[in-house]
J.: 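Quick one: structure below, then a few questions.
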Amino acid sequence: MNSAATPTRRQLHPPPALASPFPYHPGSLLSASDLSLDGVSHILNRATILENADPLVRDRILAKRRLALLFYESSTRTRTSFELAAKGLGADTTLVSSLSSSIEKGESLKDTGLTLRALGAEAIILRHNSSGAAWLLEAETRLPVLNAGDGMHEHPTQALLDLRTILAHLRPGVEAVDAETLAGVTITIVGDIQHSRVARSNMLLLPRMGARVLLCGPKELLPELAAQVGPGISIERDFDAALRQSQAVMMLRIQAERLAGLQLDLEQYKANYQLTGPRLAAHAPTALVMHPGPIIRGLEVTSGVADGVQSVILEQVKNGVAIRMAVVERALTASPDGGRA
Amino acid sequence: MTAILIRGGHLIDPAAGVDALKDILLKDGRVAEISGPGKLKSTNGAEVLDATGLTVAPGLIDMHVHLREPGQGYKETIATGTAAAAAGGFTAVAAMPNTIPVNDSPETTRWMLAPERNAAIRVFPIAAATRGSKGEAINDYAALKSAGAVAVTDDGHPILKDNIMRETLAAAARVGLSVIQHAEDTRMTQGASMNAGAMAFKLGLRGMPTEAESGLVERDIRLVTELRDTRVHLHVAHTSTAAALAAVRQARRSGLRVTCEVAPHHFLLTEEHVGHYNTNAKMNPPLRSAADRDAMIEAILDGVVDAIATDHAPHAVHEKEVEFEHAPNGITGLETALGLCVRWLHREWKMPLGRVLSLLSAQPAALLNLKGRGTLTAGSFADVVIFDPKTEWAYNARDTKSKSRNTPFDGWMMQGKVRWTISEGRVAYGREG
């Protein structure tokens, strides 16, 4: 050992970054990384129970409780499934969208949140085009906030419903997850990772159960440092090679609205990353084909693949309602002293 | 004018090489006499300040603040900004020109200096380098200098065009003014709100690459080199990247007059402090990686950094209570600079107190060519800070004298508490001991 070869450095001990600046409401779900594995198991378990419950019994669970859906971006699946989930538990919901509300007149997110709270909302489900908006809303209202997608950041309920879908096929019957549940499983996420909140939430959630997440896409949409988001994530730019290792493949839409001037050669993109029937048959004939929607048929996937036997896209949608029932129930029943589930 | 006798204090005046117990007599806004303890007779009518156990030093000078006047008095006024400065031990601040209107004229410069602004301490306006800070047509530097401007900059709107920057450097040099550049190639930072890297990716925010800073510093240094005029002085504002510091270091070795400042938040905080979208950790340049932050500390300790400047940038509460991407850049800093510098640079990283104080007074005075400031010798301005170097205290942003309280240092422990700040012979800030 030649210790003299090591350059001497002054010992600097700068102040560490502080942890979370405020206690979150235990009913909030802001990030997939906020949930413990026990918390994930609890949600999966409740999703199944609530899905199978008698609708006439189920709708007493949150009878006449008030939930606000605050949507700054358009949405079909997420909005409808949250609404159906809340109503399925008997709650009253109200929808505020950025068009046709005072948001158009310049009302801030803080004031909109405080207004909804004053109107009796007990929890807010937020879809917003700015990353981090859900944290701001929770800090200002101190209500349970469910993050239904914040900018390019996270979409935790999507990751949970994706997990439920994956488990149903690859680990049937399993609802209590642990660090080994998905050991040996490789899931590839393909396409516009840079702008995808679905990708980020899945990247944070799935490896904690032992899954390996492969990211696949061109450099413009998938920077190298994406692999540093957490453990268990790596990059494989060769789509065919990624498919050959995968038990599930998640196709993402190119988010034209977030490209911010980035020019992309779509023909080249399709040649490299479109999931086609022949490609699937050649490299991953048994893998689950997933897509968080909306699908642009003929771009990231062909119609044949979207409608094919390996596709579980509509199962994902269906699982969204069950997962969101569990998450909405948790939002309105978590006790503040119980900590985060 | 009344006289003030400062008795029993420990004078640290790095520019004069003094580090000893001294009594100081201030008279008519100037330092009248400095002498060993007990030797100065209290002149008739002189107010006596008992500085026993306290450090007496040249008043601090912040060469980079935003006082928001004219135009944005709801964030700060010259009166409130300088009151906060005095509370922080500062006796002079250099005010950036990104006001409304932009300070690109002798009229605005003089307006800022008018007695009606009620400045608690001395304000030195820095004028816009180009008309409206649009980077197209350079201003009349001679006229701005005679109105009171001490340097030129388009802070916040960096001059990207080579020919305009070259012209700015040459024209400023002819009238003896420094050019201060906020180094950011804004073509690389569109829509970005924090440092580029894994943290920005994880938070789903667009990032500002370090090259946007270092690339422009390198470009500016190239222009200085090409001008071959020893009067040219380029000063790099709020340096935040290791690469930019390396370029400054190299330029200095080549004998160029290139200097730089670093802000406390850039040698103390990293992008990790953005945490869950804390808008009080959003500024431009952004908080960088730990490696960049460590490079700032090293460069301060090694003497490459010429000044500590706060980039005090007040914003109203409602402006920061918004989505991270929409929040304006900037944090306040005047009341926390001394306490953080003593706490960390001196106590933690063992920098002699005299060197710390030099970075906060003598060196910025020299960079801006402020004659008779940054030192306390007979005849110099009676700009003095008297503080207890040992007292530890927690900063409470609610107690600020600024109109705004957008600071990431709320609740942080400080070391060194200001007891009196004297600006040109008047007590501008005083606190019961």
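Order of the sequence lines sets the chain letters (A, B, ...), proteins ahead of strands, with each chain counted from 1. Given the structure is predicted, the values throughout are model-derived calculations rather than measurements.
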J.: Evaluate the side-chain contact (heavy atoms from CB on, under 4.5 Å) criterion for residues B:F201 and A:Q228: first the C-alpha distance (whole Å), next the side-chain angles of each, then the deciding distance (0.1 Å), finally the verdict.
T.: CA-CA 9 Å; B:F201 182 87; A:Q228 295 172 33; over 6 Å; no
J.: Does any heavy atom of chain B fall under 4.5 Å from the side chain of A:S130, the backbone, both, or neither of them?
T.: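 Looking at A:S130, backbone and side chain both touch chain B.
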J.: If you count heavy-atom pairs within less than 4.5 Å of chain B, which of A:L109, A:D150, A:L204, A:L137 leads?
T.: A:L109
J.: Tell me if the aromatic rings of A:H153 and B:F324 count as close, with their centers under 6.0 Å from one another.
T.: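 No - the distance between ring centres of A:H153 and B:F324 does not fall below the 6.0 Å cut-off.
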J.: Under 4.5 Å between any side-chain heavy atoms of B:H276 and A:Y24, yes or no?
T.: yes
J.: Between A:D111 and chain B, which part of the residue has a heavy atom less than 4.5 Å away: side chain, backbone, both or neither?
T.: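 For A:D111, no heavy atom lies under 4.5 Å from chain B.
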J.: Sort A:E140 into side chain, backbone, both or neither according to what part of it lies under 4.5 angstrom from a heavy atom of chain B.
T.: side chain
J.: Under 4.5 Å, counting heavy-atom pairs only, tell me which of A:S131, A:S31, A:S108 racks up the most with chain B.
T.: A:S131
J.: When you measure from the side chain of A:R200 to the backbone of B:L203, do you find a donor-acceptor pair of N or O atoms at a distance under 3.5 Å?
T.: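 No, the answer is negative, given that no donor and acceptor are paired below the 3.5 Å cut-off.
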J.: Go through A:L136 and B:Y277 one step at a time and tell me if the side-chain contact (heavy atoms from CB on, under 4.5 Å) criterion holds.
T.: CA-CA 8 Å; A:L136 173 68; B:Y277 305 92; over 6 Å; no
J.: Applying side-chain contact (heavy atoms from CB on, under 4.5 Å), run through B:R206 and A:M152 and close with a yes or a no.
T.: CA-CA 9 Å; B:R206 296 178 199 277; A:M152 320 190 299; 3.9 Å; yes
J.: With a 4.5 angstrom heavy-atom cut-off, is it the side chain or the backbone of B:H326 that approaches chain A, or both, or neither?
T.: side chain
J.: Rounded to the nearest 0.5 Å, what separation is found between the CD atom of B:E323 and the OH atom of A:Y72?
T.: 6.5 Å
